[in-house]
Structure formats: C-alpha cells, structure tokens
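Structure record follows, encoded as structure tokens.
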Amino acid sequence: VRLHEWEAKALIAQYGIDVPRGALWPALPAFDGPLVAKAQTLEGRRGLRGGITFCDGESVAGAVESLLGATIGDEIVESVYVEERLGIVRELYVAIVTDRDAGGPAFLLSAHGGVHIESHAGTVVYLPLDEHRIEPTAVLELARRAGIDGPIAEALVPVAQALWACYQGEEAELIEINPLVETANGRLVAADTRVALDDNASVRHPGHPSGGRLGTVFERRCADLGAVGIEMDGEIAAIVSGAGLMMATIDLLADAGGSVRAAVDLGGLVLREADELTDLIEAVGDLRPRALLINAFFQLARCDVLALKVAAGLERRPLGIPIVIRLRGRGLDEARSILDRHSVVFEQDLQTACTAVIAAARGPTSGAPLGPGLAPMAD
Amino acid sequence: MMAVIIDGSDRILIQGITGRTGRAAANRMAEDGTPLVGGVTPGRGGQTIEGRPVFESVDAARRESGATASFVAVPAMHVADACFEAIEAGLRTVVIYTEHVPLADAIAVSRFARERGTTLLGPNSAGCVSPGQANLSDLDSRNLRRGDVGIVSKSGTLTYEVVDGLVALGLGLSSVVCLGGDPIVGTDHARVLTAFERDPETRVIVLIGELGGRSEIDAADVVSQMRTPVVAFIAGRHAPEGKRMGHAGAIAALGIESALAKQERLRAAGATVVQRITDVARAASDARGDAEMPA
C-alpha cells in the first residue's frame with residue numbers, strides 16, 4: 001500500500017520527524033503566511049505535472065479548486081493538502097529502501113535532493129542496516145561522504161534514527177523524504193514524503209492509514225481479489241497460474257505477433273479454492289478483450305477446481321469471445337466436462353494454445369461489437 | 001550421495017501438515033515414496049497424517065524421527081516462527097512454500113539461516129527435488145525422472161514447463177531447485193549453480209530467471225567460470241515498464257535488471273540463451289549432447 005503525502009507525514013511525525021504545518025482541505029493549517037496547495041496523488045513526479053501550487057490565505061481556495069478533479073498521470077485528484085511554504089536553504093534526499101540484492105534495508109542520503117534527484121543518482125551514498133539502532137558515528141560518516149558537514153550533519157542523526165524506527169515499527173518497504181529541507185533557522189523539515197507499507201504485514205498494523213494502490217482500475221481490482229493483474233493495450237487476455245508463466249506467456253504471445261490486453265497471475269488462489277477466481281472472469285470481461293487464454297500448470301492444485309470457478313464466472317458473465325484453455329495437472333478430464341458446454345477450445349501444448357488464441361482474436365467473431373450491454377446467457 | 005541441496009539421506013518434515021496445503025503435500029509425498037517422516041503442528045502432537053506422526057515442535061520431530069529438512073506450509077503470519085524453530089533445531093534445508101510472507105520476516109529468517117548454515121529456499125518457493133531420492137517440493141513425482149539435467153529457477157510454474165518438456169524428450173533430472181519469486185529469498189542462482197558444478201551427476205543446467213533484481217546478473221559471473229553447460233531462459237522481455245509482474249520481486253525495469261540485459265550478460269558469460277520457454281527443453285537436450293562429445 002502506498003500512502004498519500006498527508007498520511008505519510010502524519011506517520012513520520014509520530015516518530016519525531018519535523019513536518020510543515022498542514023491540513024487536508026477544506027481544513028487549513030493554523031498559520032498566517034505563504035502556503036502551498038498539493039494534489040494528493042500516489043505517483044511521484046507530481047510537482048513537474050502541475051500538482052503543486054503556491055498560494056496564500058486569500059488565493060488558497062482558488063488554488064485548491066483548480067487542482068481538485070484534475071488528472072495527473074493515471075490519477076484523478078480527489079484531495080488537496082495545504083501546508084506552510086518553507087524558506088529553503090538547501091534540499092537533501094534521505095530514504096530507507098528495501099534492497100533485495102543486499103537482502104535487507106539500507107539508508108540512502110544525498111546532498112542534492114529535490115525534483116531532479118534522478119539526475120543526481122551518482123551523489124547518493126548508501127548505508128546497509130541491520131536490526132540494531134543506527135549509530136550516530138555511522139550517520140556522520142555517511143554525511144561526510146555525501147559532502148554534508150557541520151550542524152546539519154549532526155541534525156541528520158535523529159532524522160536517520162527516527163526513519164529507521166518508523167521503517168521497522170510500521171513494516172514499511174520504502175520511506176523517502178525528498179526534499180528534506182534545511183530551513184533558514186537550521187531545522188531539517190520533511191517537505192515531501194513517500195511511504196510504501198508492506199501489504200503482507202497489514203494484519204499486524206490495524207491502525208495503519210488506508211492509503212491506496214497504484215495502477216489502473218483493473219489492476220487494483222485484481223489486487224483486491226488477491227491476484228496480480230497487468231493491464232496493457234492489446235487484444236488478448238491471459239489468465240495464468242503463476243507469475244513466471246504469466247511473464248513467459250506474454251512473451252510467447254508477443255513474439256508470435258499477438259498483443260496482450262491483460263494478464264492475470266492467479267498465485268495461490270486455486271490452491272485455496274477461492275471464490276475470487278469467479279470474480280476475476282468479470283474483471284477481465286470488463287476490459288473487452290477479443291479473446292481469452294487460460295493457461296495453468298498445476299501440481300498440488302487441481303484443474304477441476306479452476307474449471308468450476310471459471311464456469312461459474314462465465315455463467316454470471318458470459319464473455320462472448322473465443323476462449324482457449326490450456327490446462328495441465330490433476331483433474332483434467334473433470335475440468336473438460338465441466339467446461340464442455342461453454343464452447344471453449346482445449347489445447348495441451350502451450351505453443352499451440354498461443355497460436356490458437358492469436359488466430360481467434362483475429363477471427364470472425366472478433367469483429368463483433370461487444371458493447372457494455374452484452375446480454376447474459378438465456379439459461 | 002549425488003544431487004544438490006537434497007538427496008536420499010534426507011528425512012522430511014512438513015510444518016503445517018494439518019492444514020489444507022500441508023495435507024495435500026503429505027498425501028503426495030506419502031504416495032511417491034519421499035522419505036516423509038512426519039509433520040509439526042503445535043497443539044496437534046500425537047495425531048497422525050498419512051500414517052506419519054504429528055509432533056509438537058521441530059526439535060521433538062528431529063529427535064524422534066531424524067528429520068533433516070522441512071517443507072513450511074503454515075499461514076504467512078506464522079512462517080517466521082516456524083522457520084526460526086526449524087533453523088534453531090539444526091535442520092539442513094528449509095523450504096518456505098507459503099506466499100505473502102511479510103518482508104521483515106523474510107529478511108530476518110534469511111539472515112538467521114545464513115548465520116546457522118541452513119539452506120533456505122523461498123518464501124514463495126516451489127521447493128527442491130532430486131528425483132528418485134527425495135522430493136521437498138510441490139512437483140508431482142509421477143511426472144519426474146531421475147537423470148542428469150539440473151534446474152535452478154525463480155519460478156515454480158516455469159519449472160513445471162521445463163520439467164515436462166525434458167521428460168517428454170526422454171531426459172531426467174538430477175535436482176530441481178526453486179528459489180522463490182519474492183524480492184528477498186534465502187538463496188540465489190549463483191549458489192545453486194556452484195553446487196551443480198560440483199555435482200558429478202549433473203551434465204547440463206537450466207537456469208530460469210526473470211526481470212528484476214541482480215540474482216541472474218551475479219549468476220552470469222559464476223557461469224563464466226563453469227565447465228557444465230548452462231541453458232538460460234529469462235521471462236519478461238515484453239513486460240510493460242514499471243508494473244509489478246506477479247512475483248513481488250519482478251518490477252519491470254529498464255537498465256541492467258531488464259530481461260534483455262540479463263540475457264545479454266548470460267550470453268556473454270557463455271550460456272545458451274533461449275527466447276521461448278517452450279524451446280528450453282530442446283536446447284538443454286542439445287547442450288547435453290554437445291557436452292557428451294570429447295573435447
């Protein structure tokens with residue numbers, strides 16, 4: 001889960017990190033001076049896309065109105081955060097990321113924070129972290145390597161320690177403060193913050209803010225159902241029994257001249273015999289693909305369990321498109337008879353199945369209009 | 001005993017044997033002759049599943065049954081406790097089959113396993129199997145044959161595809177090792193390649209990877225030092241940029257972690273890089289044939 005800026009700031013403030021005075025519109029911060037109105041989107045690079053407006057007490061309402069409902073990237077702005085505008089001496093970058101290749105978290109620091117951090121990637125210095133507290137000497141040494149010294153280097157020590165406590169305490173995957181602003185009076189203030197929390201740990205943190213998920217409506221819907229959906233702009237939808245096979249199936253289809261509208265990784269849903277499988281058919285149908293490929297290779301899970309869920313989905317929401325099914329594993333014969341009356345094409349071989357679904361997507365039925373009013377089957 | 005990670009001297013436990021997944025795994029292992037010696041479910045000690053005893057703790061299971069390896073199929077929030085217990089009890093090999101394990105738990109368990117010298121596969125791993133010896137995986141033994149092809153893979157489902165293709169060609173497997181698709185896992189490709197290189201039973205290795213992370217890039221450095229031929233497949237060439245591709249570890253990325261860049265590194269290191277998953281078995285068969293010829 002990705003937190004909105006206002007949620008992220010409230011979270012890090014609990015750990016003692018200084019944040020600007022701010023409030024979620026229509027509330028206003030108790031502050032008389034220059035303000036900034038910030039669209040609460042989840043994607044980064046908001047500042048470069050017109051999502052941040054300078055204003056004051058008089059112009060804030062107009063600034064907020066022009067942001068609300070605006071489209072920034074894939075997102076529509078639904079809320080605006082208003083906060084005090086900081087007097088900036090210098091912008092730093094600090095973060096704790098989960099570094100998969102080092103097998104754990106790491107603290108990152110750069111003296112060149114701000115919107116152009118990506119072009120200053122070479123200035124970022126790195127401190128791997130273990131379960132212990134961050135030693136002040138380690139932060140000072142890291143600051144020196146980043147070209148930061150004096151009182152600001154010392155002020156970084158409590159910031160780094162608070163970030164680390166927050167990362168561990170909240171089970172974050174990422175906490176990034178960019179920029180961390182040095183103000184005229186020598187404070188370090190988190191002017192913008194990105195926080196991603198570990199979904200898999202959410203039951204241990206019932207008090208967490210709700211945040212939001214990145215991705216399209218379809219992708220968020222799949223995530224809510226416990227699967228992973230990928231939306232693309234082609235013609236074929238592929239529902240696949242694992243992540244690696246899903247990627248390889250996209251590659252096979254693309255190499256053979258097909259194009260993919262959507263791909264879904266079922267993960268462990270079939271093993272759990274989950275009803276969400278049925279809902280996935282509907283989610284896929286809403287994308288109006290021209291053909292559907294179901295590709296599953298099971299070991300412990302069973303083909304007939306998948307077939308029952310797919311059949312239930314097709315009964316509730318007939319797709320009206322060609323369906324090619326390639327199933328391997330136990331319960332294959334039962335699966336065939338379950339799906340018999342849904343006029344699907346069964347294939348054993350993966351390559352053949354891909355060729356068949358590409359041909360079907362281009363075939364005679366593919367030209368038929370599939371409007372939103374597609375009638376349910378009359379049975 | 002030949003093979004890597006697991007062999008005929010191992011004695012297997014299932015942690016979470018009384019759950020749905022644990023029972024399904026126990027049922028298959030009991031049928032196929034895997035040396036399954038029991039399971040662990042706290043509070044259910046004294047019961048039997050598939051004729052095997054359920055123990056209260058891994059330590060009790062190890063003392064009474066001689067267990068050396070564990071297949072962890074407990075719910076995600078209990079995985080850390082189960083693994084700490086297994087590593088503490090001194091098991092050689094632990095497979096975390098469960099998906100959706102919290103990242104902090106994966107990090108802590110991986111570190112503890114490294115400290116204690118336990119081989120950890122996963123989280124979200126299909127496990128490992130040395131056909132005819134022991135099967136600590138979810139692969140159905142009826143579809144396996146003992147032989148001389150080794151597989152090391154991030155993905156369970158792609159492993160099934162390749163195994164299926166190899167067996168159809170009349171080839172068999174020395175060992176199959178699935179690392180798991182999560183961003184933080186206990187073991188990387190390079191370590192398993194090194195083990196295969198030392199295994200006299202393995203004549204050719206299939207490496208299956210995907211975009212994201214450095215595991216396949218580090219593996220390329222090992223490949224360049226190996227005598228055993230390596231056939232490599234990397235999934236995700238056509239993955240859209242910036243999307244998470246099912247495996248939590250596979251974020252479509254440009255740069256050195258893209259599928260194309262990984263293919264290039266492996267090719268430069270001397271691996272045979274195959275574009276289609278459906279062609280991997282044939283390429284492994286060819287590489288094996290080449291390896292048989294005198295130098």
Side-chain angles (χ1 to χ4, degrees), chain A residues 98 100-101 103-105 130-131 167-168 171 173 198-204 214-215 219 226-228 230-233 240-256 260 263-268 271-273 295-301 328-330 349-351 354, chain B residues 20-21 24-25 28 76-77 98-105 107-108 110-111 114 126 137-140 143 153-161 164 181-185 188 208 210-215 218 233 235-240 243-250 259 275-278:
Chain A
T98 307
R100 55 180 297 172
D101 299 304
D130 58 27
E131 63 270 31
Y167 176 94
Q168 291 182 299
E171 298 198 63
E173 290 178 1
D198 183 1
D199 275 348
N200 292 335
S202 60
V203 298
R204 292 199 283 233
L214 297 177
E219 289 166 358
V228 178
I230 310 288
E231 184 172 345
M232 297 166 75
D233 55 8
V240 186
S241 64
L245 190 55
M246 176 185 78
M247 285 184 257
T249 303
I250 293 173
D251 290 344
L252 283 172
L253 290 169
D255 285 344
V260 177
V264 179
D265 163 24
L266 294 175
L271 207 52
R272 293 199 298 277
E273 304 187 16
N295 177 22
F297 200 135
F298 293 130
Q299 303 289 334
L300 290 181
R328 301 293 302 274
R330 298 181 300 159
D349 177 70
L350 176 53
Q351 191 65 54
C354 288
Chain B
R20 186 203 299 263
T21 307
R28 200 230 54 227
M77 302 312 291
T98 309
E99 58 177 8
H100 302 308
V101 174
L103 208 51
D105 294 353
I107 292 169
S110 297
R111 284 181 170 162
R114 247 193 322 274
S137 79
D138 72 354
L139 274 76
D140 192 327
N143 305 330
S153 172
K154 260 186 196 166
S155 154
T157 43
L158 290 180
T159 304
Y160 312 155
E161 293 289 343
D164 190 57
D182 279 7
I184 304 274
V185 292
D188 64 2
I208 301 170
E210 62 195 29
L211 79 176
R214 282 194 59 93
S215 183
D218 295 340
F233 173 81
R237 281 179 294 118
H238 292 278
K243 306 260 190 188
R244 182 165 86 78
M245 300 301 289
H247 279 159
Q275 298 295 342
R276 299 196 297 189
I277 188 65
T278 45

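Letters A, B, ... mirror the listed sequences (proteins, then strands); counts begin at 1. Just so you know, these numbers come straight off a predicted model, no measurement behind them.
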Side chain, backbone, both or neither: which part of A:Asp265 has an atom under 4.5 Å from a heavy atom of chain B?
side chain

Counting only heavy atoms closer than 4.5 Å, note whether B:Ser215 contacts chain A via side chain, backbone, both or neither.
backbone

With a 3.5 Å distance limit and no angle check, can you tell me whether A:Asp251 reaches the backbone of B:Arg237 through a side-chain donor-acceptor pair?
yes

Measure A:Ser241 against the heavy atoms of chain B and call it side chain, backbone, both or neither at under 4.5 Å.
both

Less than 4.5 Å to any heavy atom of chain B: does that hold for the side chain of A:Leu252, its backbone, both, or neither?
side chain

All salt bridge (Lys or Arg N to Asp or Glu O under 4.0 Å) counterparts of A:Arg204, not counting sequence neighbours:
A:Glu171, B:Asp105

Using atom types as modelled, flag every donor-acceptor pair under 3.5 Å from a side chain in residues 243-250 of chain A to any protein atom, sequence neighbours excluded.
residue	atom	partner	partner atom	Å
A:Thr249	OG1	A:Leu245	O	2.5
A:Thr249	OG1	A:Asn295	ND2	3.1

Look at B:Ile107, B:Thr21, B:Leu139, B:Thr157 and state which one has the largest set of heavy-atom pairs under 4.5 Å with chain A.
B:Thr157

Region of A:Asp199 in contact with chain B, defined by heavy-atom distances below 4.5 Å
neither

Might you confirm whether atom CG of A:Asp130 has over 12 heavy atoms from other residues, nucleotides or ligands at distances under 6.0 Å?
yes

Pairing of A:Asp255 and B:Arg276 as salt bridge, 4.0 angstrom limit:
no

With side chains defined as the heavy atoms from C-beta onward, is the minimum distance between A:Asp101 and B:Asp218 less than 4.5 Å?
no

